[in-house]
Number of protein chains: 2
Amino acid sequence: MEDPSQIIQKLQTCGLRPSAPRKTLLAYLMGCDHHPTPYELLEGLKLSGHPISIATLYQNLQVLSEAGLIRKFVDADGTARYDANTSAHHHLHCTACGRILDLDLSDELASALVALGTTANWQVQKIQLDLEGLCERCQIRLSALQD
Amino acid sequence: MEDPSQIIQKLQTCGLRPSAPRKTLLAYLMGCDHHPTPYELLEGLKLSGHPISIATLYQNLQVLSEAGLIRKFVDADGTARYDANTSAHHHLHCTACGRILDLDLSDELASALVALGTTANWQVQKIQLDLEGLCERCQIRLSALQD
DNA sequence: ATCATTGCAAACTGTTTGCATCAAG
DNA sequence: CTTGATGCAAACAGTTTGCAATGAT
């Protein structure tokens, strides 16, 4: 969990009132190593002892996204997911356990991809990359099952 | 529009009855150069003079996807889209006009991306790449507006 | 004649909105 | 005290399902 005063400051810097639900939600997301769905957030916050209403949850996911404090993306199944890491834009997605890891792209690779668009006369502004497959754990787990 | 008898054959090869709605839907999708949403399909088929019910539409989008005759994907906004091109898996997405074009990836680039996962001990099965930006038309249109 | 497919209507999931209450500045 | 945020409940969009009627083999 993050330092409470830092959370408050982050919110105020963006011109947002540090209400209880907002602080809880932002702190929770910053302490997450995965990329929870709205439903997972609702349940997680409930379990953490700081439940918030579903309307407030959705309102704040939108507000915090617009403020740039969190990021929304849609996975290959069409499920909305959120994280507090606003830098990494790519993902490793395990098709077996559903885990989604952040992934960084080298500059060379990124420009090679941008070039793909340029040759089609497109001006590429954002690369969205999703590598789907099996994480280490699931590879081991599944190969063990085959024996 | 495709040859009607070819459409029928494609369906029968997959063990699907060539009912009127199925033939219309598959032919329509094969004649599409974009990637329509279910709603766009519903409207498009209505306009083409061969309306089908929404339940039948969704049922068949699923059946045809499972048969491998069409492909479903979810765009960055979370909207479901379908196309009859089952080979290309990558897209150029214009953020201004919403147009989505298919994109092919060179083998070198593809293996460079797979390697990214490998270094993280993942076994990559599918690369999903989405380049967002401005298409040629919209670049011209928008720069003209600025004058 | 049999069995898959259609299409209506109703159900369901995920998300948004109206609005009275409440809390932060 | 003023203004923005909460949270219930109701509305909404996209999708799925139950089921009687229909159409293909």
Side-chain angles (χ1 to χ4, degrees), chain A residues 4-5 7-28 35-46 49-67 69-82 98, chain B residues 4-5 7-28 35-46 49-67 69-82 98:
Chain A
S5 70
I7 298 283
I8 293 179
Q9 198 152 31
K10 270 181 184 270
L11 288 167
Q12 288 178 331
T13 308
C14 297
L16 299 173
R17 287 194 188 172
S19 68
R22 258 173 214 168
K23 286 185 287 183
T24 317
L25 175 58
L26 184 54
Y28 186 90
H35 303 77
T37 64
Y39 180 77
E40 287 167 356
L41 287 168
L42 197 71
E43 290 301 301
L45 293 175
K46 192 186 291 175
H50 300 278
I52 74 178
S53 92
I54 186 128
T56 304
L57 173 64
Y58 276 106
Q59 279 157 183
N60 281 313
L61 286 174
Q62 201 166 316
V63 165
L64 294 177
S65 296
E66 281 164 7
L69 290 173
I70 65 173
R71 191 159 47 91
K72 171 185 185 173
F73 70 94
V74 174
D75 71 16
D77 296 330
T79 310
R81 294 183 172 274
Y82 293 85
Chain B
S5 71
I7 298 284
I8 294 179
Q9 197 150 34
K10 271 181 184 270
L11 288 167
Q12 287 179 331
T13 308
C14 297
L16 299 173
R17 287 192 188 173
S19 67
R22 258 173 214 170
K23 286 184 286 183
T24 317
L25 176 57
L26 184 54
Y28 186 90
H35 302 77
T37 63
Y39 180 78
E40 287 167 354
L41 287 167
L42 197 71
E43 291 301 300
L45 293 175
K46 192 186 293 176
H50 301 278
I52 74 177
S53 91
I54 187 127
T56 305
L57 173 62
Y58 277 105
Q59 279 158 184
N60 280 313
L61 286 174
Q62 201 167 315
V63 165
L64 294 177
S65 297
E66 280 164 8
L69 290 173
I70 65 174
R71 190 160 47 92
K72 171 186 186 173
F73 69 94
V74 174
D75 72 15
D77 297 330
T79 311
R81 294 183 173 275
Y82 293 84

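Keep in mind it's a predicted model, so treat the numbers as computed, not measured. These values consider heavy atoms only, across backbone and side chains, with no hydrogens, waters or symmetry-generated copies. Throughout, protein chains are lettered first and strands after them, A, B, ... in sequence-line order, and every chain is numbered starting at 1.
Here D:dT6 is the nucleotide among D:dT6, D:dG7, C:dT6 with the atom lying nearest to any side-chain atom of A:Arg22.
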Show me the side-chain donor-acceptor pairs of residues 54-63 of chain A shorter than 3.5 Å, one per line, residues at least two apart or across chains.
unit_1: A:Thr56; atom_1: OG1; unit_2: A:Ser53; atom_2: OG; d: 3.0
unit_1: A:Asn60; atom_1: OD1; unit_2: A:Arg22; atom_2: NE; d: 2.8
unit_1: A:Asn60; atom_1: ND2; unit_2: A:Thr56; atom_2: O; d: 3.2

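In this view, B:Thr37 satisfies the side-chain hydrogen bond (donor to acceptor under 3.5 Å, both in side chains) rule with no residue, not counting sequence neighbours. Applying the side-chain hydrogen bond (donor to acceptor under 3.5 Å, both in side chains) rule to B:Ser5 yields the partners B:Asp3; only residues at least two apart in sequence or on another chain are considered.
Residue A:Pro51 is the one, among A:Pro51 and B:Ala80, whose nearest nucleotide of DNA chain D lies closer to the 5' end (criterion: closest heavy atom). Checking A:Asn60 against A:Ile54, the closest nucleotide of DNA chain D that is more toward the 5' end is the one next to A:Asn60.
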Quiz item: Dot-bracket for DNA chain D, 5' to 3', counting Watson-Crick or G-U wobble pairs under 3.5 Å, with [ ] for crossing pairs and | for inter-strand pairs?
Solution: |||||||||||||||||||||||||
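Nearest heavy atom pair, residue B:Leu16 against residue B:Ala67, reads CD1-CB, 4.0 Å. When every heavy atom of A:Lys23 is checked against every heavy atom of A:Leu11, the shortest pair comes out as CG-CD1, 4.0 Å. Here the closest non-hydrogen pair linking B:Leu41 and B:Pro36 is CD2-CG, 3.7 Å.
Taking 4.5 Å as the limit, some side-chain heavy atom of B:Ile70 sits within range of a side-chain heavy atom of B:Ser65.
Screening residues 71-80 of chain B for salt bridge (charged side-chain N to carboxylate O under 4.0 Å, His left out) gives B:Arg71-B:Asp83, B:Asp75-B:Arg81 as the qualifying pairs, with residues at least two apart or on separate chains.
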Self-check item: Per-nucleotide protein contact string for nucleotides 18-25 of chain D (B base, S sugar-phosphate only, - none; heavy atom under 4.0 Å)
Solution: -----BBS
